[in-house]
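Predicted model only: the values in this text are computed from it and were never measured. Residue indices begin at 1 and follow the sequence shown.
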Amino acid sequence: MGTVSLLKCYRPFFSTLFPRSAPSTPHAAIFRKKSPPSFCACSSPPFTAEKDCGKSGAQGFTLKKPSPEVWLHNTMSKTKQLFKPKVESKVGMYVCGVTAYDLSHIGHARVYINFDLLYRYFKHLGFEVCYVRNFTDVDDKIIARAKELGEDPISLSRRYCEEFCRDMITLNCLPPSVEPKVSEHMPQIIDMIEKILNNGYAYVVDGDVYFNVEKFPEYGKLSSRDLEDNRAGERVAVDLRKKNPADFALWKSSKPGEPFWESPWGPGRPGWHIECSAMSAAYLGYSFDIHGGGIDLVFPHHENEIAQSCAACNKSDISVWMHNGFVTIDSVKMSKSLGNFFTIRQVIDIYHPLALRYFLMSAHYRSPVNYSNVQLESASDRIFYIYETLHECKSLLNQHDQTTRKDSIPPDTLNIIDKFQDVFLTSMSDDLHTPVVLAGMSDPLKSINDLLHTRKGKKQQFRIESLAALEKSIGDVLTVLGLMPASYSEVLQQLKEKALKRANLTEEKVLEKIEERAVARIEKDYAKSDAIRKDLAILGITLMDSPDGTTWRPTIPLPLQHLL
């Protein structure tokens, strides 16, 4: 089937879901009751000629050189490889979403911040991106939780889908192009299972349908596991009716009191793995660019997805499989099943969401990152410095008429900006090396502070022009990283409020201490003055003296500073 036929199949859905005149409210399309299209034949992805799926155009500073080549680590090849989109200037990306039965934890946050970053960067480089991220709203865990709470499973999952969306907005993640739900894609799932059965890769037992792994010789190629080493998937109970213990369910016959859908094999519901194969094919075709998720999905979930998709269509092909590392606590993987997790809500109750985002980007996405209070305190301290510097810069710039600025910028400033842009593009294009980008902000931030506060900087020729160029270059990078706040002053106030909450203080109490210290200094009681400063520093509040008086800002609590 050619591209024209594919467009005939898919265009009506996209034009309904994403009308050009529709408001761009985040996640607005998630819960609309629209029937998606059935599969087309094995062919090139339908999104590639669809103008409504994703928006093109680079954002941020104007590049002075062609966009760099992007290299991404492919779990399949175990190497970094040059990213070559299947269709020029277009990217199709599918990321496995949450199973919606509880609030999401910061392990989930890392996955979706990572792929939000990739989404933003591709858009920045001018790619047209169709980013699909699903919701699993039909699953054993959802049914068990619903029974525990005495709630309808679909209602429960809908509620947690909505909570997840709120978390993503709070973490400044862009809404994907499409967010399909399992419960709304049963025709596509049943269609794919029928293809797999017809192609001889599955069998039916008492209303259940199982994938026969021995029929797929390449099973294990993603995870590098031999068939003998494989076990049943973690969500699949061992069933003696199976031909091989590693065989996994494509369709599960219904049990009393559980939600079900009619199928050729009787009432039931899909297995976990088939859901993503069906939904990715429904929106991107069987052949697309990037499939991603956490490293825990390599086996069995993504391994099984590959087997299913290839069994349904022998032209199935994903160019890059991307997986991020774990968030650990005391070097142990954070997960709900182990009970050693913090929800996103718990963390952002005392730390700013952008501090959490910064923390999760401070390690390379494929490396494990160990959660600790000291790391969150460090991230909070760093973004306070960034936003405070930019706020002071912006405040000064607002005092000068933009129309009076010259076009000239001193060579030293231009070199700092060019170097920062080079670091940004080179590092981001090298498998999203965000720690290098974050470290690369140090020089332009220092330059801004020198221009703002040092005697030499205040006398520099084209000082205002230099500040404007530096502020813009940093702001543009922060935008691509998803770290740009709506207002510098607002985010600084929010960071101070979070610090006060962690310290169990009020601003009134801090100001009382400042006044008490001022009296002690007047009375030359320096021991008391120093004790007040130290007591506040222990709680994460630092005092700053100036000719205009004493102010305060958050800092890393004194007892934690030696741990960095």
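In this structure, Phe135 has its ring center closer than 6.0 angstrom to the ring center of Phe164. Under the 6.0 Å cut-off for aromatic ring centres, Tyr283 and His185 qualify, their centroids lying closer than that.
Residues passing the side-chain contact (heavy atoms from CB on, under 4.5 Å) test with Met484, sequence neighbours excluded: Leu478, Thr479, Tyr488. For Glu151, the salt bridge (Lys or Arg N to Asp or Glu O under 4.0 Å) partners at least two apart in sequence or on another chain are Arg159. Looking at residues two or more places apart in sequence or on another chain, you find a salt bridge (Lys or Arg N to Asp or Glu O under 4.0 Å) between Asp317 and Lys86. Phe342 meets the ring pair (Phe, Tyr, Trp, His ring centres under 6.0 Å) test with Tyr371; sequence neighbours excluded. Residues satisfying the side-chain contact (heavy atoms from CB on, under 4.5 Å) criterion with Asn74, sequence neighbours excluded, are Met76, Ser77, Gln81, Val320, Trp321. Checked against ring pair (Phe, Tyr, Trp, His ring centres under 6.0 Å), Phe211 has the following partners two or more places apart in sequence or in another chain: Phe248. With sequence neighbours left out, the side-chain contact (heavy atoms from CB on, under 4.5 Å) criterion links Ala146 to Pro153. With sequence neighbours left out, the side-chain contact (heavy atoms from CB on, under 4.5 Å) criterion links Glu88 to no other residue. Shown here are the salt bridge (Lys or Arg N to Asp or Glu O under 4.0 Å) partners of Glu258, two or more places apart in sequence or in another chain: Arg269. Remark: Lys221 engages Glu218 in a salt bridge (Lys or Arg N to Asp or Glu O under 4.0 Å) (not counting sequence neighbours).
Asp247 and Tyr203 form a side-chain donor-acceptor contact under 3.5 Å, judged by distance and modelled atom types alone. A donor-acceptor contact closer than 3.5 angstrom links the side chains of Tyr365 and Asp431. Residues Ser429 and Tyr121 bring a donor and an acceptor atom of their side chains to less than 3.5 Å of each other. Checking Tyr94 against Asn134 by side-chain atom types alone, a donor-acceptor pair falls below 3.5 Å. Inspection of the Lys181 and Ser157 side chains reveals no N or O donor paired with an N or O acceptor under 3.5 Å.
Between Leu118 and Asn114 there is no side-chain heavy-atom pair separated by less than 4.5 Å. Val138 places a side-chain heavy atom less than 4.5 Å from the side chain of Ile154. No side-chain heavy atom of Met93 sits less than 4.5 Å from a side-chain heavy atom of Phe127. Under the 4.5 Å side-chain criterion, counting only non-hydrogen atoms from C-beta, Asp167 is in contact with Arg345. Within the 4.5 Å cutoff, no side-chain heavy atoms of Asn172 are placed close to those of Pro353.
Here salt bridge (charged side-chain N to carboxylate O under 4.0 Å, His left out) pairs that include residues 96-113, with residues two or more places apart or in two chains, are Asp102-Arg145. Here salt bridge (charged side-chain N to carboxylate O under 4.0 Å, His left out) pairs that include residues 207-217, with residues two or more places apart or in two chains, are Asp208-Arg241.
The shortest non-hydrogen separation linking Phe115 to Gly292 is CZ-CA, 3.5 Å. Across all their heavy atoms, Val132 and Pro180 have their closest contact at CG1-CD, 3.7 Å.
Checking side-chain atoms of Arg357 against main-chain N and O of Leu171 turns up a donor-acceptor pair under 3.5 Å.
The side chain to side chain contact (heavy atoms under 4.5 Å, CB included) with Met168 is formed by just one residue from the set Asp116, Leu174, Val98, Ile344; it is Ile344.
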### Task
Start with the C-alpha distance between Ile189 and Glu275, add both sets of side-chain angles, then the distance that settles side-chain contact (heavy atoms from CB on, under 4.5 Å), and finish with yes or no.
CA-CA 6 Å; Ile189 293 169; Glu275 301 166 350; 4.3 Å; yes
